[in-house]
Amino acid sequence: MLEQLIEAVVIFSCIAFLLFLIPGKHQKYVASVGWITMEAVLLLMFPFFFEEGNFVYPTIAIVAIPCVYITVKRLFMDDYYIRRLTYAASIAYLVYAPFAFIPAVGNWLISVVVELVAVVLTAIGTPFTMADWNIFMGEVLPGNTFGYQVEVILGCTGIQAIAILLGVVAIIPSSWKRKLGLFFLVTIPIFAVNIFRNAYVVTAYTQQWYPWFQEWFPGPEMVGYASFFWAHNVFCELLALAVLVVIAYLLFRLNPTMVAVLREIGVVYYDELTAMRDRLLGKKSTQ
């Protein structure tokens, strides 16, 4: 039931952001709905994040609550920079939506990733079989008919990171030639790194490289989950962050105007959060 609710809210949020791309007086209303429902998705997914031992996204969701309030407030003030930020989010949704909501398109991308990961695994000598078209399986476990299994889903393709960075690229109007160059700068490195990231997770989990603190992960659904947790939720998250920082740095070097706009967006949130803090402290001091 919760999964169906999350899916419905995601679709609602996507529609709202896509409607923002149509000029008109409705933009601030649909944009506000888009941001609020995006935050609602993160909050609704808390049980799944904690089940996976992922504390990054819950932290982001909590920190984002006042930011969403500021975003909606500034949208109704017709703030130029928040409108550009919303435009970036809308472009990101435009890129992501076909893969997320058209099964044939999403499955095609997953199949491409699976094939390339299989090539890498074969090249590095990791033994595996395919339990299903998108499920890698390691050596069979003693006393069982199955081995450690890793399923490749849409979230494993890197399409979210690509969509977000393409949204950042869209913040600044530029020529089609420059946009095409930035498109390749974003997509090729992320996609390539993601293939090796998946191969690393499959290898680390199926060969149980990191069985550290297994007692922290009592869920019986995924045998030997500790190795998956450390490889996928810790080391690969750090790698993804490093890759995004490098690509963002290159984007900023190639388009300095983008830095100025992002700085102004940051100033908006800094000033608003500072004002909220001061009001909160002022209320406390009068008690």
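Positions are given from 1, in the same order as the sequence printed here.
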Under 4.5 Å between any side-chain heavy atoms of [X] and [Y], yes or no?
| X | Y | value |
| --- | --- | --- |
| L185 | L250 | yes |
| L109 | F191 | yes |
| Y80 | E264 | no |
| N194 | N198 | yes |
| L165 | T187 | no |
| H232 | V150 | no |
| I171 | Y87 | no |
| C156 | V113 | no |

Residue [X] excluded, over 12 heavy atoms near [atom1] under 6.0 Å:
| X | atom1 | value |
| --- | --- | --- |
| E151 | CD | yes |
| Q4 | CD | yes |
| F12 | CZ | no |
| F76 | CZ | yes |

Take Y96 and C14 through the test side-chain contact (heavy atoms from CB on, under 4.5 Å) and record every step on the way to the result. CA-CA 9 Å; Y96 178 69; C14 179; over 6 Å; no
Point-to-point distance, once rounded to the nearest 0.5 Å, from [atom1] of [X] to [atom2] of [Y]:
| X | Y | atom1 | atom2 | answer |
| --- | --- | --- | --- | --- |
| L42 | I6 | CG | CD1 | 10.0 Å |
| I102 | N107 | CD1 | CG | 11.5 Å |
| I65 | L43 | CD1 | CG | 5.5 Å |
| I162 | F183 | CD1 | CZ | 7.5 Å |
| I60 | E39 | CD1 | CD | 10.5 Å |
| L244 | I164 | CG | CD1 | 8.0 Å |

Cluster overlap [X] with [Y], hydrophobic side-chain contacts below 4.5 Å:
| X | Y | answer |
| --- | --- | --- |
| V245 | I188 | no |
| I62 | V41 | yes |
| I135 | V112 | no |
| L241 | V201 | no |
| V267 | M258 | no |

Looking at every heavy atom in both [X] and [Y], which two are closest together, and how far apart are they?
| X | Y | answer |
| --- | --- | --- |
| V30 | A16 | O-CB, 3.3 Å |
| L273 | P66 | CD2-CB, 4.0 Å |
| S32 | V72 | OG-CG1, 3.6 Å |
| R84 | A170 | NH2-O, 3.1 Å |
| A231 | A204 | CB-CB, 3.7 Å |
| L75 | A31 | CD1-CB, 3.7 Å |

Applying salt bridge (Lys or Arg N to Asp or Glu O under 4.0 Å) to R197 and not counting sequence neighbours gives none
Return yes if some donor-acceptor pair links the side-chain N/O of [X] with the main-chain N/O of [Y] below 3.5 Å, else return no.
| X | Y | value |
| --- | --- | --- |
| T203 | A199 | yes |
| W230 | W212 | yes |
| S90 | L18 | no |
| Q149 | A131 | no |

What residue among W209, F228, F128, Y205 forms ring-ring contact (aromatic ring centres under 6.0 Å, His included) with Y148? Y205
Mind checking what makes side chain to side chain donor-acceptor pair (under 3.5 Å) contact with R74, not counting sequence neighbours? D79, E272
For a side-chain contact (heavy atoms from CB on, under 4.5 Å) check, start with the C-alpha distance between V186 and V169, then their side-chain angles and the critical distance, and finish with the verdict. CA-CA 9 Å; V186 167; V169 169; 4.2 Å; yes
Please determine, by modelled atom types, if W35 and T86 share a side-chain donor-acceptor pair under 3.5 angstrom. yes
Yes or no on side-chain contact (heavy atoms from CB on, under 4.5 Å) for V114 and F136, after CA distance, side-chain angles and deciding distance? CA-CA 9 Å; V114 167; F136 291 94; 3.9 Å; yes
I'd like to know whether the aromatic ring centres of F99 and W108 sit less than 6.0 Å apart in this structure. no
For the residue pair Y210 and F235, is the inter-centroid distance of their aromatic rings smaller than 6.0 Å? yes
Y69: what forms a ring pair (Phe, Tyr, Trp, His ring centres under 6.0 Å) with it, not counting sequence neighbours? none
Apply side-chain contact (heavy atoms from CB on, under 4.5 Å) to residues Y269 and L85 and explain how you reach the verdict. CA-CA 12 Å; Y269 287 100; L85 177 64; 3.3 Å; yes
